[in-house]
**Q** 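I'd like to ask some things about the structure below.
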Amino acid sequence: MARPRVVLVAASSLDGKLSTVGRDPVTWTSRADRARLFERRDAADALLVGAGTIRAEDPPLLPTPARRAARAAAGKAENPLRVVVSRSLDLPVGRALAPAPDAPVVVVGPTPGSGVPEARARALEAQGLEVWPLLGPPGDLARALEALFARGVREVACEGGGALNAAMLAQGLVDEVHLTVCPVVLGGAAAPTLADGPGLPAPPRARLVECRQVGDEVFLTYALGSGCENQRA
């Protein structure tokens, strides 16, 4: 399977939470962590985000003019392709997904016959978004990556949330994890974590590539995939 390289990017609390139970705006990361996030975004051809994150946070995804210029100077499109995974197609088209001629948005949605009203796809397309009906049985995210590769995408920054991260990890589609551990404890059994859901049937092994402290935060980089699964601590 030809697919892009996938880098999972996340910042978590000491107790492994990506946000509070109420999905409040994240204010506990540092300027250094945000710079690291922007660095990974600017190295990517596409940003991959789950529908839950869009509904809860509507995060700004496009680069500033200076970063767009830097991307162009590096031979990349000025704006990364924004890709949202949604099995329901119940998506607000707000700040995160606002379409523009030079900033396309792809919604990876369910295959026909899934029970999702066809009108939802048509409504998104009427607002300028592309809808790719690729989501069927579990294990189907690989099809979306293959389609992105065919479109010229060679690196993807996966920004979660926890459900999308878990699905990508379970299907062996993550090549690297960039995790910032922040000096805060959020708590809450229902708060989103790095990998939500029922658990991974075959937990992937990872190899530590870098560990760097900046202030009270720790920046971790792990490699996954070939050569990591059989390692033991």
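Everything numeric here is computed off the predicted structure, so don't read it as measured data.
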**Q** Is any side-chain heavy atom of F219 closer than 4.5 Å to a side-chain heavy atom of V214?
**A** yes
**Q** Just checking, any donor-acceptor pair under 3.5 angstrom between side chains of S86 and R55?
**A** no
**Q** Which pairs count as salt bridge (charged side-chain N to carboxylate O under 4.0 Å, His left out) when at least one residue sits in residues 160-181, sequence neighbours excluded?
**A** R3-D175, R5-E176
**Q** Taking the side chain as everything from C-beta on, heavy atoms only, tell me whether V85 gets closer than 4.5 Å to L48.
**A** yes
**Q** Can you tell me if CG on D216 sees more than 12 non-hydrogen neighbours from other groups inside 6.0 Å?
**A** no
**Q** Side-chain contact, heavy-atom cut-off 4.5 Å: T53 with R23?
**A** yes
**Q** For a 4.5 angstrom cut-off between non-hydrogen side-chain atoms, does L194 reach L8?
**A** yes
**Q** Looking at side-chain heavy atoms only, is the closest gap between L14 and V181 below 4.5 Å?
**A** yes
**Q** Are L173 and V177 in one and the same hydrophobic cluster, where Ile, Leu, Val, Met, Phe, Trp and Tyr link if side-chain heavy atoms are under 4.5 Å apart?
**A** yes
**Q** Going by side-chain contact (heavy atoms from CB on, under 4.5 Å), R41 matches just one of V7, L61, L62. Which one?
**A** L61
**Q** Please enumerate all residues that pass salt bridge (Lys or Arg N to Asp or Glu O under 4.0 Å) together with E39, with sequence neighbours excluded.
**A** none
**Q** Can S30 and D33 be counted as having a side-chain donor-acceptor contact under 3.5 angstrom?
**A** no
**Q** Q127 and side-chain contact (heavy atoms from CB on, under 4.5 Å): which partner among V93, L97, L91, V105?
**A** V93
**Q** Tell me, do D90 and R120 make a side-chain contact under 4.5 Å, heavy atoms counted?
**A** yes
**Q** For the residue pair T180 and V9, establish whether any side-chain heavy-atom pair is separated by less than 4.5 Å.
**A** no
**Q** Indicate yes or no for a side-chain donor-acceptor contact from D24 to the backbone of T20 under 3.5 Å, with no hydrogens or angles considered.
**A** no
**Q** Taking D42 as the fixed residue, which of R67, R68, K76 is the one that meets the side chain to side chain donor-acceptor pair (under 3.5 Å) rule?
**A** R67
**Q** I want to check a possible cation-pi pair here: R154 against F149, using under 6.0 Å from ring centre and within 45° of the ring axis as the test.
**A** yes
**Q** Counting N and O atoms only, with roles assigned by atom type, does the side chain of D15 sit under 3.5 Å from a partner on the main chain of L186, one being a donor and the other an acceptor?
**A** yes
**Q** Looking at R95 and E57, is any side-chain nitrogen of the basic one under 4.0 Å from a carboxylate oxygen of the acidic one?
**A** no
**Q** Excluding sequence neighbours, so at least two apart, what forms side chain to side chain contact (heavy atoms under 4.5 Å, CB included) with T111?
**A** R143
